[in-house]
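Reviewing the structure listed below.
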Amino acid sequence: MRICHNKKNFIKAIPAMLIALTLMMSLIPQPAIIRAAGTPTASNVSTNMWGSGGQISFDLSGCEGYLTITVVVEFNSNVNSPSGWGFDTYTADGKTVTATVRADGSNSWGMNSNVGIQVSGSDLSSAKVVSVTGSGTYTASSNNNNNNNNNNNNNGQNSEARPEFSSPAVSTYGTAGDDWLTTNGSKIVDMNGNVVWLTGCNWFGYNTGTNLFDGLWNAELESSIKAIADHGFNLLRVPMSAELLLEWKKGNYPTANYNHAYNGNLNSLNSLEIFDYVLTLCEQNGIKVMIDIHSANTDASGHNHPVWYTDRISEDQYIEALKWLAERYKNYDTIVAYDLKNEPHGKASEPTHAIWNDSNDKNNWKRVAERAGNAILDINPHALIVIEGIQIYPTNPQSNNFTSTNDADYYNTWWGGNLMAVRDYPIDFGSEARNRQIVYSPHDYGPLVYEQPWFQGGFTYESLYRDAWHPYWLYIEEENIAPILIGEWGGFMQGDNQRWMEYIRDLIGKENLHHTFWCFNANSGDTGGLVRDDFKTWDEEKYALVKPVLWADEGGRFISLDHQVALGANGISLSDFSGNAPAPVINTGSADSESSEDTGSETSSQDETQPTAVEGATEENTVDAGSQTAAASDTASSEEGGTQAATDTVNASDNAAPQTAPQTPSDKSDTGSMVFVIVLLVIAASLLGAAIIITMNGREKMRKQAGAGEGAGESGNADSEHGQDNADNEPDDSDIDSSDR
């Protein structure tokens with residue numbers, strides 16, 4: 001009977017036991033759970049090779065759970081000086097580079113992000129990913145960023161916080177709408193008629209797939225732009241692809257590739273927001289911007305395509321990209337000019353080539369340039385429209401209106417360098433006011449880029465003037481038809497090439513020709529750059545050649561194109577030079593509904609927020625994060641002529657890296673021990689709960705029996721017998737000893 005009675009009490013105790021168990025489990029410290037590791041993978045592999053150096057970039061994924069990711073890359077020839085972005089260590093051994101990144105290291109952002117490896121060597125032409133492996137275990141949450149919303153550990157790397165900026169960019173350092181430019185004959189003037197001189201340089205990358213300026217894998221954005229301004233360049237020509245602009249318009253933000261440790265200010269921004277930040281930095285340093293549609297497709301070799309449309313980008317889409325850009329920045333006069341298309345070209349014998357006449361031919365650059373220019377001017381009538389030439393022009397336009405396919409029937413020069421057609425078929429935007437926004441823009445290079453006929457057998461300043469410059473484009477400036485802006489000129493400081501650079505520099509100075517030097521980048525394969533391979537150290541010899549044709553006053557102070565903001569640390573503002581400032585002009589309305597579509601920015605819609613003037617905001621808060629010393633990397637992208645090395649973008653399937661089986665974290669023994677501990681705790685809790693309930697019930701019965709005994713004594717009944725009977729039939733908790741349990 002006692003056993004049955006104990007079972008009843010035990011059953012009664014079950015609810016309390018469950019409560020006790022729940023409480024006990026809630027108090028047990030939960031161990032860190034180590035998730036099973038994925039398979040580390042390299043995808044979207046892209047290579048840039050330029051003979052003496054090379055770079056390979058790719059997206060890492062599947063890095064969760066690993067402490068260390070190791071990547072092995074093989075180049076086609078021996079390499080040295082390995083560096084890059086996204087890794088902690090780089091080791092070269094013959095043709096192979098081994099790079100590692102740790103989840104607990106300063107470059108932990110590289111796990112599941114875009115990373116790159118840069119090397120130097122000789123005869124470099126290809127590279128491939130050999131393996132991607134993971135080792136060790138890491139229990140903290142792994143970074144999983146795609147640069148569109150990065151939250152990583154590098155936000156505090158720069159010495160100063162980035163200046164305030166808006167997206168889309170809004171004038172915050174100067175006055176919005178007071179810096180628009182127009183023309184007067186062969187001169188470019190401000191809105192008060194003061195003559196200005198556009199003397200700038202090029203910095204490519206937005207066209208190559210970097211989706212940002214090249215070189216920021218080794219340099220810092222803020223200090224680089226500041227250095228350009230400090231060296232006296234008042235205009236920055238920014239090569240871009242129509243494809244990138246269309247992606248931004250749709251709200252897609254291709255990853256901007258850069259060294260996250262050097263450029264921590266950018267880590268929380270998508271690529272469009274970074275571009276707005278670039279514009280803000282240019283504004284605060286007194287630099288104006290000219291957008292150059294360098295190629296239709298995003299491709300470092302895209303400029304090799306002769307026309308403005310491809311199998312991926314139609315003519316209509318090319319126009320759409322320009323309209324979106326013009327609408328987004330129509331009241332932001334840091335962007336003062338649009339170079340409609342880089343280097344339309346092609347020989348008559350080639351199946352696709354640009355022509356310039358009065359036809360409706362799909363390859364007629366005059367027709368398309370007029371369409372594109374008017375599309376921009378419909379939105380912003382104050383923008384300069386910069387129009388490059390083509391490659392060929394008929395020797396007898398009356399008998400051969402681009403109908404002959406015989407190359408001998410044409411004058412042939414540099415891509416984009418032939419503006420002979422302007423005499424016969426000038427660009428016409430339909431009104432005198434609009435035509436005052438026209439600037440013609442040839443490109444010109446020396447013999448190291450290509451041995452043109454006028455270089456053969458020796459050349460002089462006079463022979464270059466006679467054989468190349470005057471007939472192809474200089475006559476436009478000399479006859480006061482329109483201004484000339486040489487969009488690209490430059491090269492290596494070697495032999496005849498240096499002599500050519502000195503001659504064209506002298507021409508620019510003599511005629512006060514507007515120009516943008518090619519280029520800031522160190523990785524232009526056939527010209528080199530204003531900076532060395534580290535993208536920080538300036539080539540002082542080359543800069544000394546260019547400096548005499550940078551706009552400066554008699555005291556040597558560089559002159560900005562901004563009326564309020566001085567040009568860098570060594571310059572003055574345009575109002576300081578001219579003594580006056582125009583009244584600001586704000587553009588209102590759009591040409592059509594398409595121009596007013598959503599800009600695609602996550603932070604601001606152009607429909608909702610038009611940039612407005614911030615009057616009197618002339619304070620310069622230049623960010624100079626200082627020089628940084630860390631492992632660095634270059635990217636290469638050839639940019640000129642047929643001799644330039646091309647970029648090979650490799651699909652992951654085409655350049656498949658042998659994948660090592662994932663090393664699953666060794667956590668079985670830890671898990672087993674934890675389960676055993678939990679089981680013991682459950683049993684202990686159950687027994688404790690049962691003991692508490694049974695003890696409490698027993699004590700309650702004892703209190704009841706004690707009360708019954710007192711009642712029996714008062715009535716005279718025998719306590720012992722009645723008590724014994726009760727003991728036999730109704731045992732209480734006091735009768736149960738330890739052997740009954």
Side-chain angles (χ1 to χ4, degrees), residues 168-171 174-184 187-193 196 198 200 234-240 242 245 249 275-276 279 282-283 287-294 308 318-342 368-388 427-441 482-485 487 514 516 561-563 574 582-592 594-596 599 606 610-611 613:
V170 176
S171 293
T175 300
D178 68 333
D179 296 329
W180 300 121
L181 301 173
T182 186
T183 71
N184 182 4
K187 306 299 182 183
I188 297 178
V189 298
D190 71 3
M191 292 186 294
N192 279 350
V196 299
L198 281 59
N234 62 23
L235 181 68
L236 186 62
R237 182 174 181 256
V238 181
M240 306 189 85
L245 296 175
K249 180 179 186 292
F275 178 63
D276 284 329
L279 294 176
C282 287
E283 183 189 26
I287 299 174
K288 295 301 181 183
V289 170
M290 176 167 64
I291 300 297
D292 153 46
I293 304 299
H294 210 69
W308 43 91
Y318 155 72
I319 300 293
E320 178 188 353
L322 282 169
K323 291 175 68 175
W324 174 82
L325 193 69
E327 176 66 30
R328 181 176 175 86
Y329 302 108
K330 67 182 179 182
N331 282 314
Y332 189 63
D333 58 356
T334 293
I335 299 178
V336 295
Y338 293 85
D339 187 340
L340 297 181
K341 174 65 181 74
N342 179 72
V368 177
E370 289 174 346
R371 181 187 177 196
N374 272 321
I376 294 171
L377 294 173
D378 285 345
I379 299 166
N380 179 3
H382 305 289
L384 291 178
I385 306 300
V386 180
I387 303 157
E388 298 185 31
I427 296 294
D428 184 1
F429 289 139
S431 73
E432 182 180 352
R434 288 196 171 194
N435 287 342
R436 282 199 296 269
Q437 300 307 115
I438 294 173
V439 176
Y440 291 107
S441 182
I484 285 291
L485 188 158
H514 309 280
T516 48
L561 299 172
D562 192 299
H563 286 85
L574 185 52
V585 173
I586 304 299
N587 295 309
T588 59
S590 301
D592 50 42
E594 179 184 350
S595 300
S596 301
T599 63
Q606 186 70 20
Q610 290 294 342

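Basis for what follows: all heavy atoms, side chains included, without hydrogens, waters or symmetry-related copies. All values derive from a computational prediction rather than experimental measurement. Note that the numbering runs from 1 along the sequence shown for the chain.
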Partners meeting side chain to side chain donor-acceptor pair (under 3.5 Å) with [X] (sequence neighbours left out):
| X | value |
| --- | --- |
| D339 | R237 |
| D562 | K288 |
| H563 | D179, D190 |

Notebook entry, point to check: Can V336 and L235 be said to form a side-chain contact (heavy atoms from CB on, under 4.5 Å), step by step?
Noted result: CA-CA 9 Å; V336 295; L235 181 68; 4.3 Å; yes
Just so I know, are the side chains of [X] and [Y] near enough to count as touching, which here means a heavy-atom distance under 4.5 Å?
| X | Y | result |
| --- | --- | --- |
| N342 | P239 | no |
| Y329 | I291 | no |
| K323 | L245 | no |
| N587 | I379 | no |
| V585 | D333 | no |
| H514 | V439 | no |

Item checked: Any residue meeting salt bridge (charged side-chain N to carboxylate O under 4.0 Å, His left out) with D178, in chain and number order, not counting sequence neighbours -> none
Separation between [atom1] of [X] and [atom2] of [Y], rounded to the nearest 0.5 Å:
| X | Y | atom1 | atom2 | value |
| --- | --- | --- | --- | --- |
| L377 | I385 | CG | CD1 | 4.0 Å |
| L198 | L181 | CG | CG | 6.0 Å |
| L384 | Y338 | CG | OH | 11.0 Å |
| S441 | D292 | OG | CG | 8.5 Å |
| I427 | N435 | CD1 | CG | 9.0 Å |
| M240 | L325 | CE | CG | 6.5 Å |

For the student: nearest non-hydrogen atoms of [X] and [Y], plus distance:
| X | Y | value |
| --- | --- | --- |
| R434 | N374 | NH1-OD1, 2.8 Å |
| T516 | G487 | OG1-O, 2.6 Å |
| A369 | I387 | CB-CG2, 4.2 Å |
| L236 | C282 | CD2-SG, 4.1 Å |
| P584 | T175 | CG-CG2, 3.7 Å |
| H294 | K341 | O-NZ, 3.5 Å |

Check: Mind checking what makes side chain to side chain contact (heavy atoms under 4.5 Å, CB included) contact with V368, not counting sequence neighbours?
Finding: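 In terms of side chain to side chain contact (heavy atoms under 4.5 Å, CB included), with neighbours along the sequence ignored, V368 is linked to W308, E315, Y318, W365.
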Note to self: List the residues meeting side chain to side chain contact (heavy atoms under 4.5 Å, CB included) with R436, not counting sequence neighbours, and say none if there are none.
What the structure shows: T182, T183, E432, A433
Next item on the list: Please state whether the rings of W180 and H382 are parallel, tilted or perpendicular, taking 30° and 60° as the class boundaries.
Entry: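 The rings of W180 and H382 lie parallel, inter-plane angle below 30°.
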Item checked: Backbone N/O of D428 and side chain of E370: donor-acceptor pair under 3.5 Å ->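 Present.
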Next item on the list: Look at the side chain of S171 and the backbone N and O of Y332, then say whether any donor-acceptor pair between them is shorter than 3.5 Å.
Entry: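 Side chain of S171 to backbone of Y332, a donor-acceptor pair under 3.5 Å: no, none is there.
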Next item on the list: May I ask you to decide whether K330 forms a salt bridge with D378, counting only side-chain N to carboxylate O separations under 4.0 Å?
Entry: no
Next item on the list: Apply side-chain contact (heavy atoms from CB on, under 4.5 Å) to Q437 and I376, showing your working.
Entry: CA-CA 11 Å; Q437 300 307 115; I376 294 171; over 6 Å; no
